[in-house]
Engineer: 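Got a structure for you, questions after.
So you know, we letter chains A, B, ... as the sequences are listed, proteins then strands, and number each from 1.
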Amino acid sequence: MPASSATPPSAASSAPVVTRFAPSPTGYLHIGGGRTALFNWLFARGRGGKFLLRIEDTDRERSTPEATAAILRGLTWLGLDWDGDVVSQFDRKDRHAEVAHQMLARGTAYKCFSTQDEIAAFRAKAEAEGASYAVFQSPWRDADPARFPDSPYVIRMKAPRTGESHIDDQVQGRVVIKNDTLDDMIVLRSDGTPTYMLAVVVDDHDMGVTHVIRGDDHLNNAARQQMVYTAMDWAVPVWAHIPLIHGPDGKKLSKRHGATGVEEYQVMGYPAAGMRNYLSRLGWAHGDMEIFTSQEAMKVFDLKGIGKAPARLDFKKLENTCGHHMAMTDDAALLHELTAYLAAAEKPALTSAQSDLLLRGMYCVKDRAKTFPDLIDKAHFMLISRPIVPDEAAAKSLDAVSRGILKTLTPRLQNASWTKDALEPILNQIVAETGLGFGKLAAPIRAALAGKTATPSVFDMMLVIGRNETLARLEEASA
RNA sequence: GGCCCGUUCGUCUAUCGGUUAGGACACCUGGUUUUCAACCAGGUAAGAGGGGUUCGACUCCCCUACGGGCUGCCA
């Protein structure tokens with residue numbers, strides 16, 4: 001191994017783009033993981049490339065099928081579709097071992113018979129001698145095979161010990177790592193199973209991954225992984241290590257910040273398109289572009305536009321972004337998503353009558369809603385049925401005087417043409433007759449039709465629920 | 001401890017040595033209005049600190065502070 005290994009040739013930029021998302025199935029899909037997947041998806045889809053999914057389940061202790069299922073659900077909800085089958089890293093362990101042995105044969109890796117106790121002792125000794133950092137140096141690195149004992153061994157990389165390595169990263173720039181900080185990492189455990197460092201490289205290579213876009217917690221690992229590419233004479237992929245997402249307080253995002261799982265956002269009722277928009281603007285920008293569809297993002301998404309600083313989650317902006325997407329989505333699609341939300345949130349499903357009405361009245365609520373719970377709240381008047389029970393505030397606007405006014409209104413609506421143009425003069429007429437402001441008339445109508453004080457326009461409500469229901473609710477309230 | 005990465009309005013960001021440092025969210029004021037929103041107009045608000053380099057630095061270099069990551073037979 002040369003003291004200073006030059007960067008191996010990067011994957012040809014003209015080759016079709018292949019990206020991947022490779023989560024380990026130890027829990028739900030983290031919001032940061034969701035964004036990583038999104039970047040990979042945008043990058044590949046925007047270039048006619050492929051976006052692959054691989055589950056890094058080599059840690060048998062911590063990997064669970066439930067976690068894999070949760071990750072797939074999260075990605076599916078976010079609308080991030082992947083190409084081909086989901087690859088299980090564990091299933092490829094024989095291939096990983098094969099590569100480890102090939103490196104053994106090439107002399108770029110070696111068998112190490114040191115026990116874990118011996119390694120611990122090595123570190124303890126180095127520490128006792130005042131060394132602040134102890135890279136384990138195996139005595140077996142250049143040992144004569146004739147001396148090999150008949151005991152378990154691991155396979156380690158023969159890492160360069162002097163000079164420096166560098167990785168050329170699309171986000172981080174050129175990062176230089178001194179080789180004496182790189183240890184002879186283990187690639188095959190004593191039980192014959194591969195470590196992550198080996199498996200990830202072998203899989204990325206075999207799957208034809210051209211661009212590795214992942215969290216910058218892997219930045220240092222990239223230098224180690226590059227050793228494997230070099231040892232096998234494989235083309236190194238283009239690296240792009242993106243910063244992690246932090247909580248509102250700037251600390252690493254954790255449970256105490258609230259929602260960290262993608263599915264939690266689904267349950268809270270954020271639309272997936274809004275999530276994608278918001279998440280893509282977290283750490284990435286394209287000029288002043290703020291509100292955009294994923295199709296639009298694909299056209300301009302570029303690794304160069306990713307910042308190096310970690311971004312904080314801001315729920316206000318998330319809501320605002322989602323509000324734009326609610327308004328942008330067509331009525332039928334929105335209803336469909338709402339149905340999925342109700343199921344995910346384990347709330348009662350809509351009856352077909354409610355769905356029909358909602359579709360008819362979607363136009364007057366979607367512009368003002370930011371989330372699905374918000375939408376439901378604003379669509380309250382469409383979802384309830386008589387008797388309408390007014391809430392406390394609404395009840396106040398149904399006093400004797402107001403009920404009297406409603407009584408005079410009802411007969412006039414009996415034969416009115418049911419359009420806003422026809423209804424408006426009727427209400428205005430009553431306003432003129434009573435000498436009250438329009439607001440004084442609108443309030444009891446709102447209370448009667450929706451049982452609430454905050455509702456869409458009274459005309460929209462009347463139009464949406466129709467003449468018969470309007471009259472019934474008005475009569476009921478004025479009785 | 002060592003190494004690596006980062007630091008522009010409260011937040012997300014634009015800026016690729018020369019700008020009145022721009023936009024978005026949030027916030028405040030005003031307008032509109034039929035309530036809540038939405039919408040329209042305007043406003044407050046930023047280059048972590050200290051040294052350099054330069055005619056000129058947010059932009060390049062160094063130091064400090066703070067934050068993050070890696071340092072496993074975890075991924």
Engineer: On a whole-Å scale, what distance lies between the C1' atoms belonging to B:rG42 and B:rG50?
Structural biologist: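 That atom pair is separated by 39 Å.
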Engineer: Which word best sums up how the rings of A:Phe43 and A:His211 line up, parallel for under 30°, tilted for 30 to 60°, or perpendicular for over 60°?
Structural biologist: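 Taking A:His211 first and then A:Phe43, their aromatic rings sit tilted (interplane angle of 30° to 60°).
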Engineer: So does A:Lys299 pair up with A:Glu296, basic N to acidic O under 4.0 Å?
Structural biologist: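 No, no charged N to carboxylate O under 4.0 Å.
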Engineer: Indicate for each nucleotide in nucleotides 18-37 of chain B, in 5' to 3' sequence, whether protein heavy atoms under 4.0 Å reach the base (B), only the sugar-phosphate (S), or nothing (-).
Structural biologist: ----BBBSS-------BBBB
Engineer: According to a strict under-4.0 Å criterion, is A:Thr58 in side-chain N/O contact with OP1 or OP2 of B:rA75?
Structural biologist: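 Yes.
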Engineer: By side-chain contact (heavy atoms from CB on, under 4.5 Å), which residues pair with A:Asp377, not counting sequence neighbours?
Structural biologist: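 Scan of A:Asp377 (side-chain contact (heavy atoms from CB on, under 4.5 Å), adjacent residues dropped) gives A:Lys452.
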Engineer: What interatomic distance, in whole Å, is found between C1' of B:rC12 and the corresponding atom of B:rU7?
Structural biologist: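 These two C1' atoms come out 15 Å apart once rounded.
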Engineer: Using nucleotides 4-8 of chain B, report all nitrogen or oxygen pairs with the protein that are shorter than 3.5 Å.
Structural biologist:
from, atom 1, to, atom 2, distance (Å)
B:rC5, O3', A:Gln172, OE1, 3.4
B:rC5, O2', A:Gln172, OE1, 3.1
B:rG6, OP1, A:Lys308, NZ, 2.2

Engineer: Watson-Crick or G-U wobble partner for B:rG6, using a 3.5 Å limit on both distances?
Structural biologist: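 Across any shown strand, B:rG6 pairs with B:rC66.
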Engineer: Is the shortest distance from a Lys or Arg side-chain nitrogen in A:Asp184 or A:Lys158 to a carboxylate oxygen in the other one below 4.0 Å?
Structural biologist: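 No, this pair does not count.
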Engineer: Less than 4.0 Å between a side-chain N and a carboxylate O, is that true for A:Asp169 and A:Arg174?
Structural biologist: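 So A:Arg174 does not pair with A:Asp169 through a salt bridge.
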Engineer: Counting the atoms with a prime plus P, OP1 and OP2 as sugar-phosphate, which does A:Gly283 contact under 4.0 Å by heavy atoms, base, sugar-phosphate, or nothing?
Structural biologist: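 Result for A:Gly283 = sugar-phosphate.
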Engineer: Scan A:Gln116 against the nucleic acid and name what it touches under 4.0 Å (heavy atoms): base, sugar-phosphate only, or nothing.
Structural biologist: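 Result for A:Gln116 = base.
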Engineer: Look at all strands and tell whether A:Met185 reaches a base, only sugar-phosphate, or nothing, counting heavy atoms closer than 4.0 Å.
Structural biologist: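 Counting heavy atoms under 4.0 Å across all strands, no contact is made by A:Met185.
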Engineer: Distance check, C1' atoms only: B:rC40 and B:rU32, in whole angstrom units.
Structural biologist: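 Roughly 8 Å separates the two C1' atoms.
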Engineer: Take atom C1' in B:rA48 and the same atom in B:rC66, then report the distance between them in whole Å.
Structural biologist: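 Each nucleotide's C1' atom is 8 Å from the other's.
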Engineer: Please tell me if the side chains of A:His101 and A:Ile155 come closer than 4.5 Å, counting only heavy atoms from C-beta onward.
Structural biologist: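 With C-beta onward as the side chain, the pair touches.
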Engineer: Answer with base, sugar-phosphate or nothing: what part of the nucleic acid does A:His241 contact at a heavy-atom distance below 4.0 Å?
Structural biologist: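 Answer is nothing: A:His241 stays at 4.0 Å or more from every strand.
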Engineer: Which is true for A:Ala285 with a 4.0 Å heavy-atom rule: it touches a base, it touches only sugar-phosphate, or it touches nothing?
Structural biologist: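 Sugar-phosphate, backbone atoms only, no base.
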Engineer: Heavy-atom nearest nucleotide on RNA chain B for A:Arg35 versus A:Ser24: which residue maps closer to 5'?
Structural biologist: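 Going by which nucleotide is closer to the 5' end, it is A:Arg35.
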Engineer: Look at all strands and tell whether A:Ser280 reaches a base, only sugar-phosphate, or nothing, counting heavy atoms closer than 4.0 Å.
Structural biologist: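 Answer is nothing: A:Ser280 stays at 4.0 Å or more from every strand.
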Engineer: Tell me whether the side-chain N/O atoms of A:Arg312 come closer than 4.0 Å to OP1 or OP2 in B:rG10.
Structural biologist: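 A:Arg312 to B:rG10 OP1/OP2: no side-chain N or O under 4.0 Å.
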